[in-house]
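We name chains A, B, ... by the order of the sequence lines, and we start the count at 1 in each one.
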Amino acid sequence: MSAELSDLYQQVILDHNRRPRNRGRLPTANRSAHGDNPSCGDQCDVFLRLEGDRIAEISFEGSGCAISQASASLMTTQLKGKTSAEAQKLFKEFHEIVTTGKEPEVISDLAAFAGVHAFPARIKCATLSWHAALNALRGDTVAATTESHKD
Amino acid sequence: MSAELSDLYQQVILDHNRRPRNRGRLPTANRSAHGDNPSCGDQCDVFLRLEGDRIAEISFEGSGCAISQASASLMTTQLKGKTSAEAQKLFKEFHEIVTTGKEPEVISDLAAFAGVHAFPARIKCATLSWHAALNALRGDTVAATTESHKD
Amino acid sequence: MPSPWLRIRDEFPILHQEVNGHPLVYLDNAATTQKPRAVMAALDRFYERDNANVHRGLHALSMRATDAYEGARSRVATFVNAEAPEEIVFTRGTTESINLVASSWGGANLRKGDVILLTEMEHHSNLVPWQLVAQRTGATLRYLPVTGDDGLLDLSQLDRVLTPEVRVFAFTHVSNTLGTINPVADLCARARRVGAVTVIDAAQSIGHMPVDVRAIGCDFLAFSGHKMASVTGIGALYGRKALLDAMPPWQGGGGMISNVDFFESRWKPTPERFEAGTPNFGDAVALGAACDFLDTLGREEIRRHDGALARLAYERLSALPGIRVLGPKGERGGLVSFAFESLHAHDVVTFADEDGIALRGGHHCNQPLMRRLGLTSTARASFYVYNEEREVDALVASLRRTLKFFGLQG
Amino acid sequence: MPSPWLRIRDEFPILHQEVNGHPLVYLDNAATTQKPRAVMAALDRFYERDNANVHRGLHALSMRATDAYEGARSRVATFVNAEAPEEIVFTRGTTESINLVASSWGGANLRKGDVILLTEMEHHSNLVPWQLVAQRTGATLRYLPVTGDDGLLDLSQLDRVLTPEVRVFAFTHVSNTLGTINPVADLCARARRVGAVTVIDAAQSIGHMPVDVRAIGCDFLAFSGHKMASVTGIGALYGRKALLDAMPPWQGGGGMISNVDFFESRWKPTPERFEAGTPNFGDAVALGAACDFLDTLGREEIRRHDGALARLAYERLSALPGIRVLGPKGERGGLVSFAFESLHAHDVVTFADEDGIALRGGHHCNQPLMRRLGLTSTARASFYVYNEEREVDALVASLRRTLKFFGLQG
Ligand SMILES: Cc1ncc(COP(=O)(O)O)c(C=O)c1O
Ligand SMILES: Cc1ncc(COP(=O)(O)O)c(C=O)c1O
C-alpha cells in the first residue's frame with residue numbers, strides 16, 4: 001500500500017469507521033441538521049443538545065465512505081462540550097488540515113485526516129458532517145451541502 | 001490565370017456581366033418573383049409576360065456577383081419564347097451543367113457555366129435567377145431562396 | 001490483412017502508462033472512452049492543412065473545411081443509417097441533443113394534459129431537460145418502472161403508462177448503471193401506435209453496437225462523440241427530417257438565419273437552423289474519423305467483445321462476499337455496477353486506483369434509479385475495445401485485497 | 001531570450017502551404033484564426049496522458065483531467081481578470097454564451113415594457129438571441145445608431161436611447177465588419193447609471209488586445225476560443241458571480257444538478273449549474289494553452305501589430321479606384337472591409353483566392369448594418385499575429401490585377 005493511501009486510511013480512521021462513536025439519533029436533541037454530498041450520495045444527520053451555547057451532547061447518523069463516517073464519528077468526540085465559537089475554530093483547523101495536510105498546532109486526533117489533502121476529491125467526504133454540525137449550531141434549516149465550486 | 005478560373009469567368013459570362021440583356025422592370029409583366037441568396041446578399045427579381053403557357057417577354061433586375069448577373073442575363077435570352085415545361089427542362093439541364101460540369105447535349109450558351117462546378121460555393125449564384133423564374137412561372141409568391149442544405 | 005483487433009492497444013497511447021506503480025487498467029469507459037491515434041491524427045491534420053471557418057467562405061481553405069465538416073455529417077448519417085445528412089445536427093453531446101429536442105420540439109408541441117413518458121433508468125441528461133420543459137409547458141412526467149436488481153424495464157406495465165396522452169416517450173438504449181439493453185425497436189413500435197414521438201438516448205450504445213435509426217424506427221436519437229472513441233465537445237442529434245423541419249430554432253446567431261432584420265429574422269432549413277454560431281467543425285472531423293475506426297473493428301465484433309467482458313466480470317464479481325451486482329445476468333452492454341454491503345463505493349474506487357485500476361463510483365447520474373434500488377452509490381467497471389480478460393482478473397484480485405484490508409473476506 | 005515574435009510563422013504549420021500555386025496568404029482571421037503548435041500539442045498531450053471524464057471521478061486520470069479542466073478555467077479567469085474562476089462558464093463560443101445570457105438572465109428578468117438596447121453594428125449572434133427572448137418575454141428592442149462609413153457608434157444619441165426602461169445593453173467590443181473599437185468602459189459606466197446590465201461581445205477583441213472585465217466594468221462578456229488561436233468548440237461566458245448565482249439553469253442534465261428526483265431537481269452553484277453534460281474539457285485545455293501563447297506574445301504587442309497592418313491596408317486600399325473602405329480612419333481593430341462600385345465581393349474573393357489569398361466576402365453576419373450602409377456585401381481582410389506587411393502588398397497587387405481583368409483600372 002502506498003504511503004498516500006496508508007496516510008488516508010490511518011488506524012484512527014479505520015477504527016472510527018469500524019466502531020463509530022455517538023452514532024444514532026439523540027432523543028434529547030434540541031437541534032439537528034441534515035447534510036448531503038449529492039455527487040457521491042453521502043448523507044449525514046447531526047443531532048445536538050445545546051445547553052446555553054455549549055454542546056452538551058452530540059450524535060450523528062448517515063451513510064457514506066469510510067472517510068466520511070470516521071470523520072463524523074471523530075467529530076462528535078471533538079465537539080462534545082465545546083461552545084459555538086470553539087466549534088467554529090476547530091472546524092477551521094480541521095479544514096486547514098484536510099486541505100493542506102498541515103499538522104495542527106496542538107496534538108489532536110484530527111491530525112489523522114491530514115492524509116486527505118492528497119485526495120482532493122475526498123475533502124468533501126471529510127467535511128460533510130462538520131458542515132451539518134455548524135448548520136445545526138446556527139439553527140439553519142437548509143440542508144448543508146458540499147456542492148460549492150471548491151471543496 | 002488558372003484553367004479553373006478562366007473556365008469560370010468565360011468570355012460569354014464576362015460579356016453578359018458587362019452588358020446584361022433584358023435588364024430592368026418589364027412594364028407589361030403579368031408575373032414576377034423575387035429571389036435572394038441571403039448568405040451572400042444576392043438579390044434577383046424576374047418579370048414575365050406569359051401568353052398562355054408561353055413566355056412572351058422576360059426581364060430581370062438584381063444585384064450580385066458577375067456569375068449571378070451573367071446567369072440571369074443569359075437565362076432571359078434562353079427562356080424567351082419557351083413554355084413552362086420547356087423552361088423546367090432547360091433548368092434541369094442547366095443545373096446538371098453547373099453541378100457536374102457536364103457539357104449539354106445540344107450546343108448552347110449555357111455551356112459557359114460548366115466552369116461553376118469547380119466552385120461549389122458559386123452554384124447558388126448561378127441558379128438564383130432560375131429559381132426566381134420558375135417560381136414566377138408557377139405563380140408562387142414566396143421568395144425563392146437558395147438556402148436549402150445542398151445547392 | 002491482419003485483423004485490426006490484433007494490435008489494438010498500440011492505437012491508444014494513453015494505455016501505456018503506469019498509475020501508482022501499476023500498469024493502467026482503464027475501466028471507466030462508460031464515462032468516456034480513450035482516443036485512438038487515427039482520431040487524433042485526423043484532428044491534427046485538419047488543423048495543419050484545412051482549417052478555416054465553414055460555409056459562406058469562398059477561398060480554398062474555407063471550401064476544404066466546409067467539405068470536411070459536411071463530409072463528417074454524411075459519415076455520421078451513414079453510421080446511424082439516417083436517410084439523409086440533413087437529419088444529423090451536430091451538438092456538444094447527448095445532453096445538448098436532448099435539451100435541443102426537449103426545448104424546441106417540446107416547447108412547440110407540449111401543453112397541459114400531455115404526458116412525457118420516461119423510464120426509471122434514465123440518466124439525468126434524459127430526465128432534467130424533460131422536467132424543465134414540463135415546468136414550462138404544464139405537461140406532466142410519467143415513468144415506466146424497472147423490475148429490480150436484474151434491471152429490466154417492466155414491460156408488463158407498458159400498456160398502463162403508454163396511453164394516448166403520451167406525446168413523447170424518451171428512453172435509453174443501454175442503461176449506464178444497469179447495463180441493460182432495452183428493446184428499443186419494440187418500444188418505438190408501441191409508441192407509434194399511440195402517436196407518441198420517440199427519443200432515444202444512445203450515449204451508451206453508439207460506440208458499442210450497431211445503431212440503425214431506421215431499423216429501430218425512432219424519431220430522435222442522441223449521442224456523444226467522447227463515448228465512441230472521439231473527442232469531447234462534439235456529438236449529434238439524429239432527427240427525422242419532417243420533424244426537424246417543423247421545429248422552431250433553439251439558439252439564435254450566425255449561420256442559422258436566412259435573413260435578419262433589426263426586429264425579426266427568418267431561419268435556414270435543418271440542420272443549419274439548429275447550429276447557431278461557428279460550429280465545432282474541428283471535432284466533427286474527429287467524430288467522422290471515429291466512425292471509420294469503429295467500423296473497421298466492426299460494431300458486431302465490438303458488441304461481442306465488450307459484452308463478453310461484462311458478463312465475465314458479472315460472474316466473477318458475483319462470487320465476492322457481501323456484494324450485490326446489478327443488472328441482467330445474460331445479454332448486457334459492456335459495463336457492470338456493484339455495491340458491497342459494508343464498503344462504500346468511494347473506498348472501493350480509491351483502493352482500486354491504488355492498483356492502477358480506473359473505476360467510477362457514485363450515483364452515475366442516476367439518482368432516482370439508485371433510490372428505487374435502495375442504494376446511494378455503486379462502483380462501476382465499464383469496458384471498451386482495448387480491454388482484456390486479464391484486466392477483469394486484475395479487478396477481482398484488487399477487490400479481494402481491499403475486502404481483506406477492511407476485514408471483510410467473508 | 002529571443003522574442004517569441006521572431007520565428008512566429010514557424011509556430012503555424014498551416015501557413016506553409018501553397019494555394020493555387022501561390023504561398024498561402026491567410027487574411028480571414030476574423031472568421032477564425034489558425035492554431036499554433038503549442039495549442040495542438042497541449043490538446044494531444046492531454047489525450048495521450050490524462051483523458052478521463054471530469055468531476056465525480058476518484059481515479060488518477062479523472063483527478064488529473066479535473067485539475068486540467070479547472071486549471072483551464074482559472075487560466076481563462078486570469079486572462080480576462082475575473083475575480084474568481086467561478087465567474088467563467090465554458091461554452092461552445094460567443095454565440096452560445098450570448099444565448100445563455102439572453103435565455104437564462106433574460107428569461108428571468110425581462111418583461112413587457114422593458115427595453116433591450118443593442119447597437120446597429122451587432123453581429124447576428126448578439127442580435128438574434130435578443131430577438132428570440134424579446135418575443136418570449138414581451139420586451140422590446142432598441143438600437144444605438146452607427147454614424148456611417150467611418151463606422152462609429154453615434155454617442156450623441158446615447159442619452160436618447162439609454163433610458164431607465166433599458167434593462168440590458170449588449171454591444172460588441174470590436175466590430176467584425178467596420179473594425180471599430182468601441183469605448184466599452186464608458187458605455188458600461190453609462191449603462192450602470194440607469195441600472196442596465198451590460199453584455200459585451202468580445203469575439204473580435206479577445207485575441208487581439210488586453211480585455212480586462214474589471215477595468216471595463218461589464219456584467220457579462222462572451223468570447224470564442226477559435227478566434228484566439230485555440231480550437232473550435234470551446235469559448236466562455238464571463239459573468240459577475242452575483243448575477244450568475246441568481247440565474248436559473250439553461251440546459252439540464254448530468255453535472256449541473258445537486259439533487260434529482262423523479263419530479264423535481266435542485267441545481268449546483270455557478271459555474272456547474274450552466275455546464276450540463278460532459279463538458280468539452282479537452283478543448284478547454286487547448287483554450288488555456290492559447291491564453292499562455294497570447295500572453296507570451298503580449299496582448300499590447302498583438303494590438304499594435306494587428307492594428308498597424310489594418311491601418312496600412314486601409315491606406316493602401318483607399319488608393320484603389322472605385323473602392324469604398326469602411327470603418328474608422330485611425331485606431332481600429334485588426335481588420336478592414338471594402339466594397340467596389342462595380343465589382344461584387346464574391347468576384348473579389350474568388351480572384352484573390354486564385355492568388356492564394358484568403359479573404360471573406362459577404363454580409364459577415366451583419367445584415368442589418370449592411371442595409372444601413374446601403375450595401376449587400378463587402379470583402380474583408382483580417383489580420384493576426386503571423387501576418388506581415390508583404391501580405392498587404394500581395395493583397396493590393398492581387399486586387400489591382402482583378403480590377404484590370406474586369407476593365408476597372410479607373
Ligand atoms: C463580433 C462577433 N460576434 C460574434 C461572433 C460569433 O462567434 P462564434 O461564431 O464563434 O460563436 C463573431 C464571429 O463570427 C463575431 O465576429
Ligand atoms: C445513458 C447516458 N445518457 C446521457 C449521458 C450524457 O452524455 P454527455 O455527458 O456526453 O452529454 C450519459 C453519459 O454521461 C449516459 O451514460
Side-chain angles (χ1 to χ4, degrees), chain C residues 13-14 19 28 31-32 34-35 40 44 47-49 51-53 56-61 92-93 95-96 99 123-125 127-129 131-132 141 143 226 231-233 251-254 257 260-265 276-278 280-283 346 349-350 353 358 360-362 365 367-368, chain D residues 13-14 19 28 31-32 34-35 40 44 47-49 51-53 56-61 92-93 95-96 99 123-125 128-129 131-132 141 143 224 226 231-233 251-254 257 260-265 276-278 280-283 346 349-350 353 358 360-362 365 367-368:
Chain C
I14 197 169
V19 165
D28 193 17
T32 201
Q34 300 303 342
K35 325 305 176 199
M40 295 311 295
D44 289 340
Y47 281 118
E48 280 189 15
R49 292 199 319 214
N51 175 59
N53 214 325
R56 303 180 301 273
L58 297 170
H59 58 81
L61 264 54
R92 182 168 33 246
T95 303
E96 193 183 26
N99 275 277
H123 186 280
H124 294 167
S125 290
L127 210 156
V128 182
Q131 290 184 342
L132 292 175
L141 298 169
Y143 289 88
H226 72 96
V231 291
T232 58
Q251 299 189 28
I257 56 87
V260 176
D261 262 323
F262 281 127
F263 299 96
E264 60 168 25
S265 301
T278 298
N280 188 357
F281 46 81
D283 291 338
H346 285 185
V349 172
T350 297
D353 183 55
R360 186 126 315 214
C365 297
Q367 284 181 356
Chain D
I14 197 169
V19 165
D28 193 16
T32 200
Q34 299 303 341
K35 326 304 176 199
M40 295 312 295
D44 288 340
Y47 282 118
E48 279 189 14
R49 292 199 319 217
N51 175 59
N53 214 324
R56 301 180 302 276
L58 297 170
H59 59 80
L61 264 53
R92 180 165 38 243
T95 303
E96 193 183 27
N99 275 277
H123 186 279
H124 294 167
S125 290
V128 182
Q131 290 183 343
L132 292 175
L141 298 169
Y143 290 87
S224 307
H226 72 94
V231 291
T232 57
Q251 299 190 29
I257 57 88
V260 176
D261 262 322
F262 281 128
F263 299 97
E264 59 169 26
S265 301
T278 299
N280 188 357
F281 46 80
D283 292 338
H346 284 183
V349 172
T350 298
D353 183 55
R360 187 128 312 216
C365 296
Q367 285 181 357

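Residues His226(C) and Asn51(D) have side chains not in contact (no heavy-atom distance under 4.5 Å, counting atoms from C-beta outward). For the pair Leu61(C) and Ile14(D), the minimum side-chain heavy-atom distance is below 4.5 Å. Residues Asp44(C) and Asp44(D) meet the side-chain proximity criterion, which asks for heavy atoms closer than 4.5 Å. Looking only at side-chain heavy atoms (C-beta outward), Phe262(C) and Leu141(D) stay at 4.5 Å or farther from each other. With contacts defined as side-chain heavy-atom distances shorter than 4.5 Å, the pair Arg360(C)/His59(D) qualifies.
At a 4.5 Å heavy-atom cutoff, the contact between Arg92(D) and chain C is made by backbone and side-chain atoms alike. The contact between Asn280(C) and chain D is made by backbone and side chain atoms together, counting heavy-atom distances below 4.5 Å. The part of Gln131(C) that comes within reach of chain D is its side chain, from C-beta onward, which places non-hydrogen atoms under 4.5 angstrom from that chain. At a 4.5 Å heavy-atom cutoff, the contact between Val231(D) and chain C is made by backbone and side-chain atoms alike. Interface remark: Glu96(C) contributes backbone and side-chain atoms alike to the contact with chain D (heavy atom separation under 4.5 Å). Of the two parts of Asp261(C), the backbone and the side chain both hold a non-hydrogen atom closer than 4.5 Å to a non-hydrogen atom of chain D.
Most heavy-atom pairs under 4.5 Å with chain D, from the set Gly93(C), Ala276(C), Gly233(C), Gly282(C): that is Gly233(C). Heavy-atom pairs under 4.5 Å with chain D peak, among Leu132(C), Val19(C), Asp283(C), at Asp283(C). Heavy-atom pairs under 4.5 Å with chain D peak, among Thr350(C), Thr32(C), Leu127(C), at Thr32(C). Options Asp28(D), Thr95(D), Asn99(D), Val349(D) differ in how many heavy-atom pairs under 4.5 Å they form with chain C, and the most are formed by Asn99(D).
Between Cys365(C) and Gly254(D), the shortest heavy-atom distance links the atoms SG-CA, 3.8 Å. Closest approach of Gly253(C) to Pro129(D), counting heavy atoms only: N-CD, 4.4 Å. Nearest approach of Gln367(D) to Val260(C), heavy atoms of both residues: OE1-N, 2.5 Å. Residues Tyr47(D) and Gln34(C) share a closest heavy-atom pair of O-OE1, 4.4 Å.
Looking only at distances, a side-chain donor or acceptor of Asp353(D) sits under 3.5 Å from a matching main-chain atom of Ala60(C).
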